[in-house]
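Given the structure is predicted, the values throughout are model-derived calculations rather than measurements.
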Amino acid sequence: MGYLGLLMLLAIGLPDSTMNKSSQVAQISISEENETAVFISHRSEWRYHPGDNLEWANPEFDDSDWLSLTPSSTSITELPDSLWPGYGWWRFTFQADSAFYEQNWNLYFSGWGAAEVYLDGNLLYNYGKFSTKPEDEQTYTAYLKTQKPVSMKQKSQHTLAIRYSFHKAKKYQSLFFEKAENYDRSKIALGFIKHTYNENIIQARNVQIFVLSFSASALFILLLIHITLYIKFRDDQSNLLVSILIGLLLISCLSVYAPVYLEMTLAGYLLSEEIWVTSALAAFLLIPYVIASIFRISTYKKSIYLLYTVPVALAIYHFSLFDVYILVAVLYLLSFLL
């Protein structure tokens, strides 16, 4: 399809996008508001083109006839197949004030596909493994990642280029609906950030590792104790119920912290969220029945029927029918009241 056809598809599929006949040069300055971070992926000066050509990393390349699409405000799942065959390039030309060069920056990148980022024609970093073939692509895990340093010599202008592939973006969107797009999961975030960001990420990761280690260890020990008691005293069903309850809590703990110890794709990340929602909700709704069984309170044993709401809540969460957390809050409250 010719370029005119691409324009027509863009006008139909993306009415808010605009074209600019001449390449624009963005202006970047440091102020009190952004002295620790300068995010540029939302800027309107970005240019996009589907396909792949390493010549597009060249700062001298004329991208004036490219589409004006920003990486962070345009979901690639909304692009027609002619504009997103599974890969494409973004280019951004900018000028920076002298204060910008006085700072020590890290290049901030967030995206669940695979990318190569070029500065003035030179490859800075790989994020995953870019490929025009779906089977060769290795996507990047963006969760809790520290950012890499970047240095720039002062010059009249710079050009950043992103070579990006995400072949399964539309497939994930069809499987997980709106959740695949939440938190910019099918978008790209790019900018410059101070080293304090990495320090915060390392601290957050250490906290999560500690919480996971402590919680999972305690739950696992309790699980072994109650399984052993159930094996020894088969007539007492309470130990079996408590074991099931603790097992659900352990699954919930491992799934919510899965990105801490696993390199996960977007599909794995979204799936772990659903496992967490299911196991945590089932555990809390099982508490009234377990207590009623332990103390032989027959009146409240019908609370076992609360578990029937778990698949309903999971379906609401998966298909994003409405805010499932409202339903979960109501069910939690009911469980505690019982």
Side-chain angles (χ1 to χ4, degrees), residues 1 6 9-10 13-14 16-17 39-43 46-57 63 66-92 107-119 123-145 147-148 160-191 258-259 262-274 318 320:
M1 180 177 290
L6 294 178
L9 284 172
L10 181 65
L14 297 169
D16 293 333
S17 299
F39 290 101
I40 58 175
S41 50
H42 66 286
R43 298 286 295 265
W46 282 92
R47 293 291 180 265
Y48 168 78
H49 198 285
D52 183 45
N53 188 339
L54 284 174
E55 288 296 321
W56 296 344
D63 60 9
W66 283 24
L67 306 178
S68 178
L69 294 177
T70 58
S72 66
S73 62
T74 302
S75 171
I76 59 179
T77 59
E78 298 172 355
L79 295 172
D81 292 341
S82 57
L83 290 181
W84 184 255
Y87 49 90
W89 282 70
W90 275 270
R91 283 171 54 94
F92 181 77
L107 182 69
Y108 178 90
F109 176 85
S110 178
W112 289 90
E116 295 175 359
V117 178
Y118 294 83
L119 176 65
L123 176 63
L124 282 180
Y125 296 111
N126 289 297
Y127 298 91
K129 180 183 178 182
F130 171 93
S131 179
T132 58
K133 299 178 180 179
E135 61 272 17
D136 294 333
E137 178 187 71
Q138 295 178 9
T139 56
Y140 177 68
T141 303
Y143 186 78
L144 283 181
K145 284 291 190 297
Q147 304 303 324
K148 303 174 182 179
L160 274 168
I162 306 174
R163 188 188 190 197
Y164 192 68
S165 67
F166 196 1
H167 291 275
K168 293 183 179 180
K170 293 186 177 182
K171 180 180 179 180
Y172 289 160
Q173 197 275 338
S174 64
L175 289 174
F176 294 96
F177 301 90
E178 293 181 5
K179 292 191 301 303
E181 298 182 12
N182 292 344
Y183 312 111
D184 293 338
R185 287 169 177 166
S186 63
K187 303 173 185 177
I188 303 171
L190 189 75
L262 292 177
E263 286 288 326
M264 305 181 70
T265 63
L266 178 57
Y269 186 82
L270 295 171
L271 183 61
S272 69
E273 284 189 344
E274 296 199 350
H318 181 82
S320 303

Review point. Can you name the one residue among Leu69, Ile162, Asp63 that meets side-chain contact (heavy atoms from CB on, under 4.5 Å) with Trp46?
Key: Ile162
**Study point:** Parallel, tilted or perpendicular: ring planes of Trp90 versus Tyr48, cut at 30 and 60 degrees
**Key:** tilted
Practice item. Would you confirm whether Tyr164, through its side chain, and Gly113, through its main-chain N or O, come within 3.5 Å as a donor-acceptor pair? Key: yes
Check your understanding: Sequence neighbours excluded, which residues qualify as side chain to side chain contact (heavy atoms under 4.5 Å, CB included) partners of Gln138?
Key -> Lys129
Point to revise | Tyr140 vs Lys145, side-chain contact (heavy atoms from CB on, under 4.5 Å): CA-CA, chis, key distance, verdict | key: CA-CA 10 Å; Tyr140 177 68; Lys145 284 291 190 297; 3.3 Å; yes
Point to revise | Donor-acceptor pair, side chain of Thr141 and main chain of Met264, under 3.5 angstrom | key: yes
Check your understanding: In chain order, what residues pass the ring pair (Phe, Tyr, Trp, His ring centres under 6.0 Å) check against Tyr143, with sequence neighbours excluded?
Key -> Tyr269
Review point. When you measure from the centre of the six-membered ring of Phe109, is the NZ or CZ of Lys148 under 6.0 Å away and within 45° of the axis?
Key: no
Study note, to complete from the structure: Minimal heavy-atom distance between Pro50 and Leu83, with the atoms involved, is CB-O, 3.3 Å
Review point. Any idea which heavy atoms bring Ala114 and Gly128 closest together, and the distance?
Key: CB-C, 4.4 Å
Review point. Under 4.0 Å between a Lys/Arg side-chain N and an Asp/Glu carboxylate O for Glu78 and Lys187?
Key: no
**Study point:** Considering all heavy atoms, the nearest Arg91-Ala161 contact
**Key:** CG-CB, 4.1 Å
Exercise for review: Please identify each residue that fulfils side chain to side chain contact (heavy atoms under 4.5 Å, CB included) with Leu123, with sequence neighbours left out.
Suggested key: Glu116, Tyr118, Asn126
Check your understanding: Under the side chain to side chain donor-acceptor pair (under 3.5 Å) test, which residues partner Thr139, sequence neighbours left out?
Key -> none
Check your understanding: What about Trp66 and Trp89, are their ring centers closer than 6.0 Å?
Key -> no
Point to revise | Set of residues satisfying side chain to side chain contact (heavy atoms under 4.5 Å, CB included) with respect to Pro134, sequence neighbours excluded | key: His167
Revision key, fill the gap. CH2 (Trp56) and NE2 (His49) are apart, to the nearest 0.5 Å, by 5.0 Å
**Study point:** side chain to side chain contact (heavy atoms under 4.5 Å, CB included) partners of Glu55, counting only residues at least two apart
**Key:** Asn53, Asn58
Practice item. Kindly give the heavy-atom pair with the smallest separation between Ile76 and Lys170, and that separation in Å. Key: O-CE, 3.6 Å
Check your understanding: Does some side-chain heavy atom of Leu107 sit less than 4.5 Å from a side-chain heavy atom of Leu190?
Key -> yes
Exercise for review: Count the heavy atoms belonging to other residues, nucleotides or ligands that lie under 6.0 Å from NZ of Lys168, then report whether that count exceeds 12.
Suggested key: no
Review point. Within the side chain of Ser72, is there an N or O that forms a donor-acceptor pair under 3.5 Å with the backbone of Ser41?
Key: yes
Check your understanding: Could you give the distance from NZ (Lys133) to OH (Tyr87), rounded to the nearest 0.5 Å?
Key -> 10.5 Å
